[in-house]
Chemist: 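Next up is a structure, given as structure tokens.
Quick caveat, the model's predicted, so the values are computed rather than measured. One is the number of the first residue; the rest follow in order along the sequence.
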Amino acid sequence: MRAGAATLLVLADGRFPAGGHAHSSGAEAAVKAGRIRDAASLHRFCAGRLHTAGLTAAALAAAAAAGTDPLALDEAADARTPSPALRRTARRLGRQMMRAARATWPGPGLDALAAARPKGAHQPVVLGLAARSAGLTPLDAAHAAAYENVSGPATAVVRLLGLDPFDATAVLARLAPDMEEVARRAEEAARGPVEDLPAASAPLLEITAEQHAAWPVRLFAS
């Protein structure tokens, strides 16, 4: 029997101990550069991230939830992440997600990937496999990945700028139709071969991730 919506809420909850709270998903670098200054610019940043990196992550998660070989997906994620800093971050987050998922929804698929990638697989792949282990659908996994890609920066900007939390939440609410669209596109793409999964490019996120990794002092890990 398929898991209900409550299971998806647990997986997508920001309090799920998957390590995301320590990462700004590029928002810290964008704030320092002046590209995020207020709720309006946060909305633009999140929308851009959602339709590029977010779409790619959602498709990887949906494919993993659909039963596609997670090792092939992990290689595909590497190929879609030019920045070494972002690849390291994705694997650190994947390792933490794996720990949380195996404690919450243990299953042979998670165990096999953990054994094959002891230093961590890419986080969207682990997220999709966790969704599968929890009885969720590929579309559920895509929704979780899409939401995570915008909720992380929104939460971070509250801390970085002292932005009113109500304004940050309103940004997420206005992005809900976009999240629905991205999740639907990701789930549809996940039905095809791995090589045809989205590879939407976000060059500025890649460049600023490398710069951010070199900062001697920073509030967030990425």
Chemist: For the residue pair P17 and A100, what are the closest heavy atoms and their distance?
Modeler: O-CB, 3.5 Å

Chemist: V171 and H43: which non-hydrogen atoms are nearest, and at how many Å?
Modeler: CG1-CA, 3.8 Å

Chemist: Would you indicate whether R99, at its atom CZ, is surrounded by more than 12 heavy atoms from other residues, nucleotides or ligands within a distance under 6.0 Å?
Modeler: no

Chemist: Ignoring hydrogens and angles, tell me if any N or O in the side chain of S83 forms a donor-acceptor pair with the backbone of A209 under 3.5 Å.
Modeler: no

Chemist: Measure the spacing between CZ of R88 and CZ of R91 and express it to the nearest 0.5 Å.
Modeler: 12.0 Å

Chemist: Might you point out which heavy atoms bring A186 and A59 nearest each other, and give the distance in Å?
Modeler: CB-N, 3.4 Å

Chemist: Without swapping roles, check the side chain of D140 against the backbone of T137 for a donor-acceptor pair under 3.5 Å.
Modeler: yes

Chemist: Can you tell me how far the CE atom of M97 sits from the CG atom of L110, to the nearest 0.5 Å?
Modeler: 10.0 Å

Chemist: I need the L197 CG to T56 OG1 distance, nearest 0.5 Å.
Modeler: 9.0 Å

Chemist: Without swapping roles, check the side chain of S133 against the backbone of W105 for a donor-acceptor pair under 3.5 Å.
Modeler: yes

Chemist: Are L163 and L42 side-chain neighbours, meaning at least one heavy-atom pair lies under 4.5 Å?
Modeler: yes

Chemist: Would you say Y147 has more than 12 foreign heavy atoms packed within less than 6.0 Å of its OH?
Modeler: no

Chemist: Is it the case that the side chain of Q211 and the backbone of A29 share a donor-acceptor pair, with hydrogens and angles ignored and the cut-off at 3.5 Å?
Modeler: no

Chemist: Considering only heavy atoms from C-beta outward, does the side chain of D38 approach that of D167 to under 4.5 Å?
Modeler: no

Chemist: Which of these passes side-chain hydrogen bond (donor to acceptor under 3.5 Å, both in side chains) with H143: E148, E180, R184?
Modeler: E180

Chemist: Measure the shortest side-chain to side-chain distance between R95 and V126 over non-hydrogen atoms and say whether it is less than 4.5 angstrom.
Modeler: no

Chemist: Quick check: is L8 connected to L139 through a chain of hydrophobic side chains (ILVMFWY, heavy atoms under 4.5 Å apart)?
Modeler: no

Chemist: Sort out for me which residue in D78, T89, L60 forms a side chain to side chain contact (heavy atoms under 4.5 Å, CB included) with H122.
Modeler: D78

Chemist: How long is the span from the NE2 atom in H51 to the SG atom in C46, to the nearest 0.5 Å?
Modeler: 11.0 Å

Chemist: Would a distance-only check, ignoring hydrogens and angles, find a side-chain to backbone donor-acceptor pair under 3.5 Å from R159 to A156?
Modeler: no

Chemist: State, with a plain yes or no, whether a side-chain heavy atom of S41 is found less than 4.5 Å away from one of R35.
Modeler: no

Chemist: Contact between H212 and E28 at the side-chain level, heavy atoms closer than 4.5 Å - yes or no?
Modeler: yes

Chemist: With distance as the sole test, does N149 use its side chain to make a donor-acceptor pair with the main-chain N or O of A145 at under 3.5 Å?
Modeler: yes

Chemist: Hey, could you give me the CG/CG distance between L86 and L205, rounded to the nearest 0.5 Å?
Modeler: 7.5 Å

Chemist: Please tell me whether L204 and V150 are part of a single hydrophobic cluster in this structure, the criterion being side-chain heavy atoms less than 4.5 Å apart.
Modeler: no

Chemist: Are any of the side-chain heavy atoms of R117 and V125 separated by less than 4.5 Å?
Modeler: no

Chemist: Answer yes or no: is there a side-chain heavy-atom contact under 4.5 Å between F16 and L9?
Modeler: no

Chemist: Considering non-hydrogen atoms only, spot the tightest contact between A189 and P198 and give its length.
Modeler: CB-CD, 3.7 Å

Chemist: Say whether W215 and F220 are linked into one hydrophobic cluster, either directly or through other cluster members, by side-chain heavy-atom distances under 4.5 angstrom.
Modeler: no

Chemist: Without swapping roles, check the side chain of R80 against the backbone of A76 for a donor-acceptor pair under 3.5 Å.
Modeler: yes

Chemist: For G54, is there any backbone N or O sitting under 3.5 Å from a side-chain donor or acceptor partner on R49?
Modeler: no

Chemist: Is there a side-chain contact between S201 and T52 (heavy atoms, below 4.5 Å)?
Modeler: no

Chemist: Hey, is the main chain of G34 close enough, under 3.5 Å, to the side chain of R37 for a donor-acceptor pair?
Modeler: yes

Chemist: Following the transitive rule for hydrophobic clusters with a side-chain heavy-atom cut-off under 4.5 Å over Ile, Leu, Val, Met, Phe, Trp and Tyr, establish whether V194 and L129 coincide in one cluster.
Modeler: yes

Chemist: Which pair of heavy atoms, one from A141 and one from G128, lies closest together, and at what distance?
Modeler: CB-CA, 4.2 Å

Chemist: So which heavy atom on A221 is nearest to which on H23, and how close?
Modeler: CB-CE1, 3.5 Å

Chemist: I'd like to know if L50 and I36 are part of one continuous hydrophobic network [Ile/Leu/Val/Met/Phe/Trp/Tyr, side-chain heavy atoms within less than 4.5 Å].
Modeler: yes

Chemist: Once rounded to the nearest 0.5 Å, what's the spacing between atom CG of L127 and atom CZ of R132?
Modeler: 14.0 Å

